[in-house]
2 protein chains.
Amino acid sequence: MEQLQFEARHLVPRAARHGNAFEETIERLLTSIKLGIFAVGQKLPPERELAEMLGVSRATLRDALAELQKANYIEVKRGRYGGTVVASNAPAAQGPNTKPDPAELEDVLTFRQVVEPAAAALAAEASLSPAARNHLLTALAEVSAAPAEHFRPKDARFHIAIAELTGSPSLVAAVADVRARVSNLLDLIPLLPPNLEHSNEQHKEIADAILRGDSEAARRAASHHIEGTANLLRGFLA
Amino acid sequence: MEQLQFEARHLVPRAARHGNAFEETIERLLTSIKLGIFAVGQKLPPERELAEMLGVSRATLRDALAELQKANYIEVKRGRYGGTVVASNAPAAQGPNTKPDPAELEDVLTFRQVVEPAAAALAAEASLSPAARNHLLTALAEVSAAPAEHFRPKDARFHIAIAELTGSPSLVAAVADVRARVSNLLDLIPLLPPNLEHSNEQHKEIADAILRGDSEAARRAASHHIEGTANLLRGFLA
DNA sequence: GCTATTTGGACTAAAAACAGTCCTTTAGAT
DNA sequence: ATCTAAAGGACTGTTTTTAGTCCAAATAGC
């Protein structure tokens, strides 16, 4: 087997279609909620727009939304100025509770350590508009103020916000994607108040470095922060 | 507009489905050929396997393959020990020849500068099996020996091989993906012999640093190499 | 030369996904 | 009070995609 591990079939483009469009759409909407991209109480884009964003027909999107509604993740109101809203009583994560494949764990942590510190460094190097600075500060304030049970989405949102400051859509996508996988892992372990506090301090450090344009400090702080989470995950899951 | 650039709708999960399964499959097969994942003269996996890898039905895969066959990208032989082979006279890149969106250009170059030097550094840090070392050396030898008209796929394959040494599937995927986008851009500009020679020297430097485990040198060499290509692309396309 | 087996080739019926159209509800504006 | 526009809700016919089955070709090994 050793000689074969670098064969083409082992690295060929991964299947782009995971299950059918319907299931994939549910999955992606759920992920967006968990990442805080759609925050609790916030309105989702209108169905017609959302369908186009996700690259599925409105019929398929509606099937997925109906499913989420049945599971109490969202609430739907008709009429002008109506829309779909993330429910405040959205069910907590109900992961399979099975320890993940160790290879998947290492892959996520490795890739995260690649993209997130780089994003922080690039954000610090960028010339930030007032709106951008405000975006980061808002995300920071929200995660700091969040009660424990709403911490994870706000935390994710903050990390993604950093990537957004870089102006690179690919980097944003990579960070969002890796953060979704991290969130799934974090759902398997307890959220301890000391860790939460520590995270908030580190978030502030990262944001400060970015806002004062200190690229190396931003990279270091982000790297350090991420290594902390990595150790936590390895400790509980390895 | 300034206040809106960080709204959820601008960062929501990108459409996963680009066009229909048929077109997407053609696209991905073509990309795999251009990336040297399926090299000229090499057999593709059997249809039944390939279909599963790509996450489409065999019927859809076959439609795509028929199209590629019509366009002379592949040759098909029936019977046991038959199969599908990348044609030696595969048409050259026939890009739209339109200058890309400058934002797309910067996005690709930024993201590449994030993932590839990191991959080189991680590869240098990894404890490499003899098979792994050999994999890198083979890729290096093939790109060095390639005539100009077959340089690009071998070049891509070398860069991807580095990522493979890290053992992180996500990093491999990210590098392969970004390299596909770079290749599309490179198709728009001339391939000059001096650049080609220079590339080969830099490839050797990177490989050497990786094989002797010098992580920082590997990162620097990769970063430098990539910056060269970036400048070339900016010069021609910006 | 047979033959077993692996491969591509072809067809069908069912399911999924789509585009398009029209309906219903609703809040703000008039 | 009425109207209007923006949102979700529902239906239809068509196209795409799939899973499954069987056929046809070809070659290494006997």
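Side chains are part of it too, since the values below use all heavy atoms of this structure and drop only hydrogens, waters and symmetry mates.
- When the P atom of C/dA19 is taken as reference, atom CZ of B/R17 falls 12 Å away, rounded to whole Å.
- In this structure, the CD atom of A/E24 is 16 Å from the C1' atom of D/dT18, given to the nearest Å.
- Using a 4.5 Å heavy-atom cutoff, the side chains of A/E23 and A/H18 are not in contact.
- Sorted by residue number, the members of residues 77-86 of chain A with any non-hydrogen atom under 4.0 Å from DNA chain C read A/R78, A/G79, A/R80.
- Among the nucleotides C/dG9, D/dG9, C/dA17, the one closest to the side chain of B/R62 is C/dG9.
- A straight line from CG of A/L61 to P of C/dA19 spans 12 Å, rounded to a whole angstrom.
- The base of D/dG8 is paired with the side chain of A/R48 by a donor and an acceptor separated by under 3.5 Å.
- A salt bridge does not link A/E142 to A/R157: none of the charged nitrogens lies less than 4.0 Å from a carboxylate oxygen.
- Put simply, the side chain of B/R58 and the base of C/dG9 share a donor and an acceptor less than 3.5 Å apart.
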Hey, what are the protein-to-nucleotides 12-16 of chain C N/O distances that come in under 3.5 Å?
none

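- Here B/F158 pairs with B/H203 under the ring-ring contact (aromatic ring centres under 6.0 Å, His included) rule; sequence neighbours left out.
- In the displayed structure, A/Q69 atom CD is contacted under 6.0 Å by more than 12 heavy atoms of other residues, nucleotides or ligands.
- Contact check on B/E116 versus B/R179 returns no salt bridge, with no Lys/Arg side-chain nitrogen under 4.0 Å from an Asp/Glu carboxylate oxygen.
- Note on A/G19: nothing from the nucleic acid sits closer than 4.0 angstrom, heavy atoms only.
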